[in-house]
Amino acid sequence: QVQLVESGGGLVQAGGSLRLSCATSGRTFSTFAMGWFRQAPGKEREFVATISRSGVTTYYADSVKGRFTISRDNAKNTLYLQMNSLKPEDTAVYYCAAESLGRRTTNRDDYDYWGQGTQVTVSS
């Protein structure tokens with residue numbers, strides 16, 4: 001079992017930046033591959049980024065590539081998402097998720113644990 005708690009969301013103007021954090025507790029953080037997903041009103045939850053157990057390998061959705069950076073600090077049991085050059089279409093609830101088999105996957109159904117989400121709103 002692992003518990004995930006996101007923070008760092010808020011309201012920002014287009015072109016601005018935010019850094020999301022996902023604090024974890026319970027099972028050893030470094031045994032999980034981790035991911036970020038987002039869900040806008042009326043839309044399905046979509047993949048944003050994923051990172052391997054060690055943090056060496058990352059993968060991004062095309063819509064955020066070059067603007068967002070996923071990272072992790074296994075000593076602090078924390079996952080991060082640095083979001084730069086934000087656009088109004090980035091507005092969504094952002095969720096962190098843990099995948100217990102260590103697969104760096106874009107499929108939300110592969111993730112075993114989810115946080116409660118944090119709202120990101122980008123104004124134009």
Side-chain angles (χ1 to χ4, degrees):
Q1 284 279 13
V2 64
Q3 292 75 44
L4 310 174
V5 179
E6 301 96 335
S7 62
L11 173 64
V12 63
Q13 289 189 330
S17 298
L18 282 175
R19 188 194 197 200
L20 305 184
S21 297
C22 174
T24 73
S25 60
R27 182 176 147 185
T28 305
F29 178 63
S30 61
T31 65
F32 292 96
M34 298 295 295
W36 286 99
F37 289 76
R38 67 186 181 185
Q39 188 167 17
K43 295 188 176 181
E44 291 192 351
R45 192 170 299 188
E46 66 174 6
F47 167 76
V48 174
T50 184
I51 190 166
S52 61
R53 289 167 166 169
S54 65
V56 170
T57 307
T58 58
Y59 183 76
Y60 298 91
D62 287 343
S63 58
V64 307
K65 200 173 298 182
R67 300 187 298 121
F68 291 10
T69 302
I70 187 172
S71 62
R72 66 192 295 165
D73 186 335
N74 286 345
K76 294 183 178 180
N77 299 326
T78 304
L79 176 73
Y80 303 100
L81 185 68
Q82 177 66 43
M83 305 186 295
N84 299 329
S85 303
L86 282 161
K87 305 175 181 180
E89 51 263 44
D90 295 318
T91 295
V93 177
Y94 283 71
Y95 299 88
C96 64
E99 198 284 333
S100 60
L101 297 181
R103 297 173 296 177
R104 198 171 40 81
T105 172
T106 65
N107 185 350
R108 64 177 186 261
D109 293 334
D110 290 335
Y111 288 82
D112 305 289
Y113 303 100
W114 293 83
Q116 83 290 347
T118 185
Q119 176 70 48
V120 171
T121 304
V122 185
S123 63
S124 57

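In this chain, residues are counted from 1 in sequence order. Computed from a prediction, not measured in an experiment: that's the story for all the values here.
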For this session: Check whether any side-chain N or O of Arg108 sits under 3.5 Å from a backbone N or O of Arg45 as a donor-acceptor pair, and report yes or no.
Result: yes
Problem set entry | Under 3.5 Å donor-acceptor, Asp110 side chain and Thr105 backbone | no
Exercise. Just wondering, are more than 12 heavy atoms of other shown residues or ligands nearer than 6.0 Å to OH in Tyr113?
Worked result: yes
Exercise. Are there more than 12 heavy atoms of other residues, nucleotides or ligands under 6.0 Å from atom NZ of Lys43?
Worked result: no
Does any non-hydrogen side-chain atom of [Y] lie less than 4.5 Å from one of [X]?
{"X": "Met34", "Y": "Leu4", "value": "yes"}
{"X": "Phe47", "Y": "Asn107", "value": "no"}
{"X": "Met83", "Y": "Trp36", "value": "no"}
{"X": "Ser63", "Y": "Arg38", "value": "yes"}

Exercise. Does the pair Asp90/Lys87 count as a salt bridge with the N-to-O cut at 4.0 Å?
Worked result: no
Exercise. How far apart are the closest heavy atoms of Asn77 and Phe29, and which atoms are they?
Worked result: OD1-CB, 3.4 Å
For this session: Locate the shortest heavy-atom distance separating Ala40 from Thr91; write the atom from each residue and the value.
Result: CB-O, 3.7 Å
Exercise. In terms of the angle between their ring planes, are Tyr94 and Phe68 parallel, tilted or perpendicular, with boundaries placed at 30° and 60°?
Worked result: tilted
Exercise. Is it true that Val48 and Tyr60 fall in one hydrophobic cluster, defined by side-chain heavy atoms closer than 4.5 Å?
Worked result: yes
